[in-house]
Amino acid sequence: MIKQVLRDLLYDPLNSFLKGSLDRDWLEIEIPKQVDHGHFATPISFRLASLLKKPPSHIANDMADFLNSKDVIKSCCVCHAMNGFINMTLTDEYLYQYVRSMGMRRPSFDRVSASILVEYVSANPTGPLHIGHGRWAVLGDVICRLLAFTGQSFSSEFYVNDAGNQIQLFYDSVAAVKDNKPIAENGYQGDYIYDLATSSEDPVGRVIQQQKDVLASMGVCLDNWFSEKSLYQDACIDEVLALLDKQSFLEHNEGATWFKTTLFGDDKDRVLIKSDGSYTYFLVDIAYHYTKIQRGYSQLVTILGADHHGYVKRLEACVKALTSGKSPVELNIIIGQLVNLFRDGDPVRMSKRSGDMIALSDVIDEIGSDAVRFFLIQNSADTHIDFDLELAKKQSSENPVFYIQYAHARMHSLLTKLDYNEENQEDYEFTDAETQLLHTCSLFYDVVWDATRLYMPYKLAQYAYQLARSFHLFYEACPMKTASDADRQRRLALVFSTKRVLADVLELLGVTAPDRM
RNA sequence: GCGCCCGUAGCUCAGUUGGAUAGAGCAACGGACUUCUAAUCCGUGGGUCGGGAGUUCGACUCUCUCCGGGCGCGCCA
């Protein structure tokens with residue numbers, strides 16, 4: 001990672017400047033918003049101001065002078081102090097060699113956690129997935145791709161709610177249609193119920209298969225599909241009750257058994273065994289989380305829709321109680337805000353119970369997996385998405401997916417048509433547009449790492465756009481066909497490196513990187 | 001009533017341990033195609049960061065309060 005490289009480069013000189021009192025964490029590397037402030041900058045003088053009792057600008061000036069006097073810095077970087085910041089401009093050759101080295105090997109990323117389980121989608125198998133499920137799916141999938149890319153130990157899982165009241169209601173609804181009886185008031189009413197009723201196959205099994213197929217059609221494959229029903233067959237529900245009881249987390253009241261979740265910050269205590277003796281969903285879910293912990297995961301990542309955020313405190317209480325007195329397990333819940341579908345500005349209804357809903361599969365059929373994935377991943381999970389189907393279909397500059405893919409197609413075209421020879425590179429005098437492209441490329445691993453450790457995959461989508469933009473700009477400013485041999489080979493080398501980065505980015509996003517469009 | 005999320009340019013959004021003159025894209029307007037793919041690029045205009053108060057060298061960022069929008073608050077799943 002380039003920031004790490006710079007931090008390592010600056011640490012020793014600055015530490016000697018400060019006579020050995022430099023804390024590594026203070027040496028923060030930023031990317032200036034304005035290009036004339038250099039490629040990178042550090043605001044370290046602000047941190048040191050109170051310690052040294054000098055104004056930041058003085059400290060920055062002294063440090064920049066000191067750094068520029070050091071041969072090891074001077075060979076790769078020019079430092080200049082401005083407004084208290086130390087701005088750094090890397091030499092073209094250093095930047096180029098760094099970007100080139102990125103293609104040779106990946107850096108060794110830190111561990112996020114010893115072993116991670118990512119649970120996502122986990123929709124009820126009582127009907128088709130909708131666009132919101134699509135969002136959790138892409139979120140989870142890109143997170144998993146990032147975890148794999150950065151060498152983490154992890155697994156992904158879909159929790160199948162194939163037991164309980166809703167399932168019974170679903171079976172009843174299908175059975176009613178088969179018997180030519182009306183579906184109950186609170187039953188499932190969609191057209192798909194009538195389709196399912198024409199088959200002798202188990203409707204739940206068919207819905208699960210359909211969900212798998214839809215996810216696969218958008219490039220989402222989970223490692224494990226965990227059945228809720230299987231929990232009833234194991235002894236783990238009893239084990240969980242015994243475990244909670246032993247630690248006095250349970251309470252019997254009004255004929256029911258309660259879990260004192262208020263001990264762990266919940267608003268009120270929750271029922272686990274109803275007065276009629278049946279189990280609540282929550283109890284079974286605790287058993288599910290018990291198995292996660294038993295399976296040895298040290299971090300549990302769970303993606304929930306915003307319509308379930310009221311459940312967060314309960315889950316946190318559950319994990320805290322189950323690990324009480326043991327080594328802690330980190331629970332990391334990501335809330336994805338809801339998605340509203342629009343067509344030409346008009347909202348499209350998505351009620352599960354009514355017949356007129358648009359399923360995720362319909363959206364994928366209409367606009368394609370690439371566009372669906374990109375539109376669902378490009379914003380922070382915290383923002384509500386208004387997803388306009390007509391916009392996503394447009395093949396124009398309004399549509400970022402095409403902008404990015406077109407960049408890749410252009411790169412491929414250049415490299416095949418202009419006969420790039422990797423050995424011919426010897427010129428390191430880059431123009432502004434070339435340097436700017438190199439700089440953007442150099443940030444790739446840093447973006448990957450931020451997106452991974454913060455569980456913010458949208459940062460990667462934004463980087464994809466930024467990289468495509470840098471490239472299109474370079475493309476306009478730097479002709480290759482008509483350039484001198486030296487210019488052409490230097491630029492093609494840059495195209496070659498950029499293409500590799502962009503292909504990696506698109507692979508991480510699960511969006512195709514077309515060679516021609 | 002309580003809890004979580006959001007409010008930044010006409011629109012969609014970045015801005016994450018508080019730091020430079022608040023940034024992009026789209027849309028609008030004006031330009032560039034005998035070309036390596038114009039699905040592109042260049043230029044212009046556009047802001048009381050929802051309102052107010054506080055914390056300090058410094059606040060879009062932290063605290064409080066109010067306003068507006070979304071979603072939750074079952075012995076449902």
Side-chain angles (χ1 to χ4, degrees), chain A residues 25 28 30 32-34 36-37 41 43 45-47 49-50 55-57 82-85 87 124 126 161 163-169 186 228 253-258 266-268 270-285 305-313 335-338 340 375 378-386 388 391 394-407 409-418 433 450 454 456 458-459 462 465-466 468-469 471-483 488 491-492 495 516-517:
Chain A
D25 291 339
E28 197 179 328
E30 300 176 344
K33 287 171 193 159
Q34 304 214 7
D36 54 327
H37 290 157
S45 55
F46 293 97
R47 299 273 154 78
S50 60
S57 56
M82 191 190 288
N83 303 330
F85 288 85
N87 297 326
N124 287 348
T126 52
N161 303 130
N165 292 348
Q166 292 301 318
I167 284 292
Q168 194 52 52
L169 218 54
N186 56 352
E228 177 186 0
N253 214 343
E254 302 165 42
T257 302
W258 300 69
D266 198 2
D267 308 327
K268 46 185 143 182
R270 307 289 171 174
V271 169
L272 297 186
I273 302 175
K274 300 180 225 173
S275 48
D276 69 1
S278 63
Y279 297 155
T280 61
Y281 174 84
F282 183 40
L283 171 57
V284 186
D285 208 19
D307 51 342
H308 288 98
H309 73 256
Y311 200 60
V312 170
K313 287 232 174 86
I335 300 293
Q337 294 298 317
L338 302 177
N340 295 312
F375 273 81
Q378 67 176 334
N379 299 129
S380 157
D382 284 336
T383 64
H384 303 90
I385 294 182
D386 288 338
D388 195 301
L391 173 67
K394 276 188 191 164
Q395 309 212 344
S396 75
S397 52
E398 287 174 76
N399 191 335
V401 185
F402 288 93
Y403 183 88
I404 295 163
Q405 291 183 316
Y406 181 49
R410 271 185 156 177
M411 293 176 205
H412 182 264
S413 171
L414 287 170
L415 292 169
T416 51
K417 282 191 180 159
L418 296 186
D450 281 346
L454 300 171
M456 290 184 169
Y458 76 92
K459 285 178 180 292
Q462 296 190 336
Y465 193 92
Q466 189 191 340
R469 168 133 187 95
F471 173 75
H472 285 308
L473 222 120
F474 156 87
Y475 181 93
E476 296 289 333
C478 301
M480 279 158 261
K481 191 177 183 180
T482 56
R488 181 167 57 250
R491 287 169 181 170
L492 286 173
V495 176
R516 55 184 60 83
M517 293 175 73

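What you see below is based on every heavy atom in this structure, not just the backbone, and it leaves out hydrogens, waters and symmetry mates. Throughout, protein chains are lettered first and strands after them, A, B, ... in sequence-line order, and every chain is numbered starting at 1.
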Under 3.5 Å on both distances, the Watson-Crick or G-U partner of [N]:
{"N": "G68(B)", "value": "C6(B)"}
{"N": "G1(B)", "value": "C73(B)"}
{"N": "G47(B)", "value": "none"}
{"N": "A32(B)", "value": "U40(B)"}
{"N": "A14(B)", "value": "none"}

What is the nucleic acid contact for [X], judged by heavy atoms within less than 4.0 Å: base, sugar-phosphate only, or nothing?
{"X": "N87(A)", "value": "base"}
{"X": "A477(A)", "value": "nothing"}
{"X": "I335(A)", "value": "nothing"}
{"X": "N379(A)", "value": "sugar-phosphate"}
{"X": "P400(A)", "value": "nothing"}

Rounded interatomic separation in angstrom, taking [atom1] from [X] and [atom2] from [N]:
{"X": "F402(A)", "N": "G25(B)", "atom1": "CZ", "atom2": "C1'", "answer": "17 Å"}
{"X": "L283(A)", "N": "G74(B)", "atom1": "CG", "atom2": "P", "answer": "18 Å"}
{"X": "H384(A)", "N": "G70(B)", "atom1": "NE2", "atom2": "P", "answer": "9 Å"}

Under 4.0 Å: is that the gap between some side-chain N or O of [X] and OP1 or OP2 of [N]?
{"X": "K313(A)", "N": "C2(B)", "value": "no"}
{"X": "K481(A)", "N": "C36(B)", "value": "yes"}
{"X": "Y475(A)", "N": "A38(B)", "value": "yes"}

Determine, step by step, whether V495(A) and M480(A) satisfy the side chain to side chain contact (heavy atoms under 4.5 Å, CB included) criterion, reporting the C-alpha distance in whole Å, the side-chain angles of both residues, the deciding distance to 0.1 Å, and the verdict.
CA-CA 10 Å; V495(A) 176; M480(A) 279 158 261; 4.0 Å; yes

Side-chain atoms of F85(A) come closest, of C76(B), C36(B), G19(B), to G19(B)

So if I take every side-chain heavy atom of H472(A) and compare against A39(B), C13(B), U40(B), which nucleotide ends up nearest?
U40(B)

Paired with P400(A), the side chain to side chain contact (heavy atoms under 4.5 Å, CB included) test is passed by just one of Q462(A), Q405(A), Q378(A), R469(A), namely Q378(A)

Do the rings of Y465(A) and Y403(A) sit parallel, tilted or perpendicular, given the 30° and 60° boundaries?
parallel

Any donor-acceptor pair under 3.5 Å joining the side chain of N399(A) to the base of A39(B)?
no

